[in-house]
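Each remark here refers to the structure printed beneath this line.
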Amino acid sequence: MEWPRTVDDAVALQERLRTQVITTSAPDLRIDTVAGLDVGYRSNDTVAGVCVVFDAKTLVVLDEVVVEDTTDFPYIAGLFAFREMPVLLRALDRVTVAPDLLVADGQGLAHPRRFGLACHLGVHTSIPSIGVAKNAMGAFEQPGNVRGSMSDLVMDGDNGDEVVGRALRTQDGVKPVFVSVGHKIDLDRACAEVLRLAPRYRLPETTRRADTLTRQAVSSG
DNA sequence: GCGACAG
DNA sequence: ATCTTGTCGC
C-alpha cells in the first residue's frame, strides 16, 4: 500500500498491519547481531537516520550508517512511525551486516493501537524487532531496585487491561526502560536481549551509539 | 473543556 | 526531538 500522508490513512494502515504481528520467537531464533536505529532532528523537517549494527555477544560495532533526509509527517504521539520510518529504512538498507534483531527507539506493542515504531520496522522487514522507550505509554508499578527487575506495562484494551510490555531496570537504582515486542520475538526474550545490550548504562549500547551518531550528524555539516 | 501524549 | 555547563555523587 501507499505510504499514508493523512492521519486517517496512517491510523487505518496501523489497524490493518497490527494483525500481522507475531509475538513469539521462532524455536531456532539466534541473535548474533543487533541493530540500533534512531533519528535526530536538524530542523522540524530535516532529519538524520542512523543504523548501527553490533555483535550481540561482544558489543563490538560491526557497521554504522548515517543518512540525511527530510520528513513531511508531523510528530503525533501514536503516529510516530510515519515520521521516522522512511529515513530508518534507508539507513537499514545500506548496512552491510545483516541484523538478527532491530532495536527501535520507542514503543512496539505498547501503543494505542498496539502497533508502534518497532512493529512497523519488524513487519516491514520481517526481521525480529523490539522497542526500547525512555518513557512509558501505559501504567506500571515500580520494578525492584536491582538490575534485571521488571514489572508489567499495561494499557486499557478491548477486554480490560492488557500487558503490552515491561518496565525493566537495566542498572541498580536507575529509572527503568520500557520494553515491548515489535515482531517475531517474545517479551521474555526481548527483555533478556535488552539486559545483554545494557551491561553498564541505563540505555542499551545500540540506543546510545545510534543517538550519538544522530546528534553528531545534525549538529555538524 | 481539560489533561495526556513514544521521539 | 531540541535548547545545553557545570556539578553533585558513587
Original post:
Using Watson-Crick and G-U wobble pairs whose two distances are both under 3.5 Å, how do you write the pairing of DNA chain C as dot-bracket, with | for links to another strand?
Top reply: ..........
Subject >> Worked check of side-chain contact (heavy atoms from CB on, under 4.5 Å) between A/Arg196 and A/Ile31 >> reply: CA-CA 11 Å; A/Arg196 179 160 66 144; A/Ile31 299 178; 4.0 Å; yes
Send over the distance from [X] [atom1] to [N] [atom2], rounded to a whole Å.
X        : N      : atom1 : atom2 : result
A/Asn44  : C/dT2  : CG    : P     : 12 Å
A/Glu68  : C/dA1  : CD    : C1'   : 16 Å
A/Arg200 : C/dC10 : CZ    : P     : 17 Å
A/Asp69  : C/dA1  : CG    : C1'   : 16 Å

Testing the 3.5 Å rule here: is there a donor-acceptor pair between the side chains of [X] and [Y]?
X       : Y       : value
A/Tyr75 : A/Glu84 : no
A/Thr70 : A/Asp45 : no
A/Asp69 : A/Thr71 : no

Subject >> Shared hydrophobic cluster, A/Tyr201 / A/Val34 (ILVMFWY, side-chain heavy atoms < 4.5 Å) >> reply: no
**OP:** Determine, using the 4.5 Å side-chain heavy-atom cutoff (strictly less than), whether A/Phe140 and A/Leu187 are members of one ILVMFWY cluster.
**Re:** no
Which part of the nucleic acid does [X] contact within heavy-atom distance under 4.0 Å: base, sugar-phosphate only, or nothing?
X        : value
A/Gly131 : nothing
A/Leu153 : nothing
A/Tyr41  : sugar-phosphate

Original post:
Which is the 5'-most and which the 3'-most nucleotide of DNA chain B that has an atom under 4.0 Å from a heavy atom of chain A?
Top reply: B/dA6 to B/dG7
**OP:** Take A/Val50 and A/Glu64 through the test side-chain contact (heavy atoms from CB on, under 4.5 Å) and record every step on the way to the result.
**Re:** CA-CA 7 Å; A/Val50 165; A/Glu64 306 180 324; over 6 Å; no
Original post:
Can you tell me how far CG of A/Leu92 sits from CG of A/Leu102, rounded to the nearest 0.5 angstrom?
Top reply: 6.0 Å
